[in-house]
Number of protein chains: 2
Amino acid sequence: MKIIQEVSLISVGSFEESKDWSIIRSEVRNAISLIVHPSGTLSFTINPTRHGNGVKPIKEACMIALKDRFGWRLETSINYATKSPGKVDATKVIDNYFFALEWETGNISSSHRAVNKLVLGLLRGVFLGAALVLPSRKLYPYLTDRIGNFEELEPYFDVWRAIRIEEGFLAIFVIEHDQVDSNVPTIIKGTDGRALI
Amino acid sequence: MKIIQEVSLISVGSFEESKDWSIIRSEVRNAISLIVHPSGTLSFTINPTRHGNGVKPIKEACMIALKDRFGWRLETSINYATKSPGKVDATKVIDNYFFALEWETGNISSSHRAVNKLVLGLLRGVFLGAALVLPSRKLYPYLTDRIGNFEELEPYFDVWRAIRIEEGFLAIFVIEHDQVDSNVPTIIKGTDGRALI
DNA sequence: TATGGATCCATA
DNA sequence: TATGGATCCATA
């Protein structure tokens, strides 16, 4: 899988220039590059059937790489002191602080929650930085309908940029397939939502 | 239907003390009170089957009342100048400004988008004020699974309270059934999502 | 094609 | 019971 864009949605303070971010960024880039399809190949080729590919397996390889190669923790429950929202997909601990990563291939509305959650962690000071990974609009049509995608979230960026925060960093990685090929198998869909009809 | 709580999530400026808000508030309260089930009765009685009631018809009566009795516009497309997100459920025009209302019975993640959208309208200055209507956690178990509900959104309030804004007002109305009765029919579900399995 | 939604799933 | 998600629908 390739990264076609990186956006610093929130960058207050020096984290963006830190060594920590430089390392984390390269780990995330590296892990994303390890997502291939079909398995056994060296790049991510998608069958261009509209809404033809499920999203569940896509995240796998990236999460495994973050965990096994770079020592991240997966599905971390975050304690925000009081009433805490749930988990984030992956975290890396740096000097007793968390860097949090959310992989967003749920519904686009779920992407709003994901960003809100990362922002909350920054506000509470439990995250030093955070990142969201989501598909480009070019990949979007081939995946389960209404999956979160960069272009549809972008009009809301001003909301998060208006957050009053003392320190915090939030990056967005936009991912896309490397090639299109009707001969590769589609990615299997789960039984969620309305899949069984 | 009854309103069990009203929260001023954002209140910067004088809108909350204005005559406009006093009128709009009473219109919204009035419209919500007109939601009944089964139809023909005088209150909202729900069949307490877990996940047994669809949400689509619930909004109906309220929207019709806002439109027919109080002159609101439904499904208003909002022009936020540049890249604009879509529509809000209902708007009332006051001195060339909009008051916007979102009725949230989509997935809880969709409630995040709804608030983000209202906030964006406030930031852009196209809304003078805004309101979100959503079910209480007590009503929640009887509706389609994972519907937006107040208690699950509440942990995120600090995110929206941290928005840097010069002027704006955002209220949340929490609604609930008046009675529970196993003898009333369940509210019909649509064919959306995974309904047909 | 684009956007808000409605529905049910998986897992702790 | 609680939470993040995955899936397909309806409509303009």
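Chain letters run A, B, ... following the sequence lines, proteins first, then strands; residues in each count from 1. All values below were derived from every heavy atom in this structure, side-chain atoms included, with hydrogens, water molecules and symmetry-related copies excluded.
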(request) Using whole Å, report how far CG of B:D89 lies from P of C:dA6. (result) 8 Å

(message) Using the side chain to side chain contact (heavy atoms under 4.5 Å, CB included) definition, which of the options A:T105, A:I187, A:L139, A:N53 pairs with A:I58?
(response) A:I187

(message) What contact category does A:S110 fall into here, base, sugar-phosphate, or nothing, at under 4.0 angstrom with non-hydrogen atoms?
(response) sugar-phosphate

(message) Tell me whether the side-chain N/O atoms of B:R113 come closer than 4.0 Å to OP1 or OP2 in C:dT3.
(response) no

(message) If I compare all heavy atoms of A:V119 with all of A:L170, which pair ends up nearest, and what's the gap?
(response) CG2-CD2, 3.9 Å

(message) Between P on D:dG5 and NZ on A:K189, what's the gap in Å once rounded to a whole number?
(response) 18 Å

(message) Just N and O in the side chain of A:K87: are any of them under 4.0 Å from OP1 or OP2 of D:dA2?
(response) no

(request) For A:T105, report the nucleic acid contact type (base, sugar-phosphate, nothing); a contact means any heavy atom under 4.0 Å. (result) sugar-phosphate

(request) Check the distance between D:dT3's P and B:E154's CD and give it to me in whole angstrom. (result) 12 Å

(message) Could you check whether any side-chain heavy atom of A:H112 comes within less than 4.5 Å of a side-chain heavy atom of A:W160, counting everything from C-beta outward?
(response) yes

(request) Assign each of A:E104 and A:D145 to its nearest nucleotide of DNA chain D by heavy atoms, then name whichever residue's nucleotide is nearer the 5' end. (result) A:E104

(request) With DNA chain C as reference, determine whether A:I108 or B:N53 sits nearer its 5' end, using the nearest nucleotide of each. (result) A:I108

(request) Can you figure out which of D:dG5, D:dA2, D:dC8 approaches the side chain of A:T144 most closely? (result) D:dC8

(request) Verify the contact: side-chain N or O of B:K56 to OP1 or OP2 of C:dT7, cut-off strictly under 4.0 Å; return yes or no. (result) no

(request) Sorted by first residue and then second, give each side-chain hydrogen bond (donor to acceptor under 3.5 Å, both in side chains) pair with at least one member in residues 161-175 of chain A; sequence neighbours left out. (result) none

(request) Rounded off to whole Å, could you give me the CD1-to-C1' distance for the A:I147 and C:dG4 pair? (result) 15 Å

Quiz: residues 39-48 of chain A side-chain donor-acceptor pairs under 3.5 angstrom, not counting sequence neighbours:
from: A:T41; atom 1: OG1; to: A:P38; atom 2: O; distance (Å): 2.7
from: A:T41; atom 1: OG1; to: A:S43; atom 2: O; distance (Å): 3.1
from: A:S43; atom 1: OG; to: A:Q179; atom 2: OE1; distance (Å): 2.9
from: A:T45; atom 1: OG1; to: A:Q179; atom 2: OE1; distance (Å): 3.0
from: A:N47; atom 1: OD1; to: A:T49; atom 2: N; distance (Å): 3.2
from: A:N47; atom 1: OD1; to: A:T49; atom 2: OG1; distance (Å): 2.6
from: A:N47; atom 1: ND2; to: A:S182; atom 2: O; distance (Å): 3.2
from: A:N47; atom 1: ND2; to: A:V184; atom 2: O; distance (Å): 2.8

(request) Whole angstrom is fine here: how far is it from CG in B:N116 over to C1' in C:dT3? (result) 15 Å

(request) Would you state whether a donor and an acceptor, one from the side chain of A:R146 and one from the base of C:dG4, lie under 3.5 Å apart? (result) yes

(request) Rounded to the nearest angstrom, tell me the gap between atom NZ in B:K59 and atom C1' in C:dG5. (result) 8 Å

(message) What is the distance, to the nearest angstrom, from the CG atom on B:L132 to the P atom on C:dG5?
(response) 10 Å

(request) Just compare D:dT3, D:dT1, D:dA6 and give me whichever is closest to any side-chain atom of B:Y140. (result) D:dT3

(message) From CG of B:N149 over to P of C:dG5, roughly how many Å is that when rounded to an integer?
(response) 16 Å

(request) Mark yes or no for a side-chain to base donor-acceptor pair under 3.5 Å between B:N107 and D:dG5, with no hydrogen or angle criteria applied. (result) yes

(message) If the cut-off is 4.0 Å, is A:R50 near the phosphate of C:dT1, judged by side-chain N/O to OP1 or OP2?
(response) yes

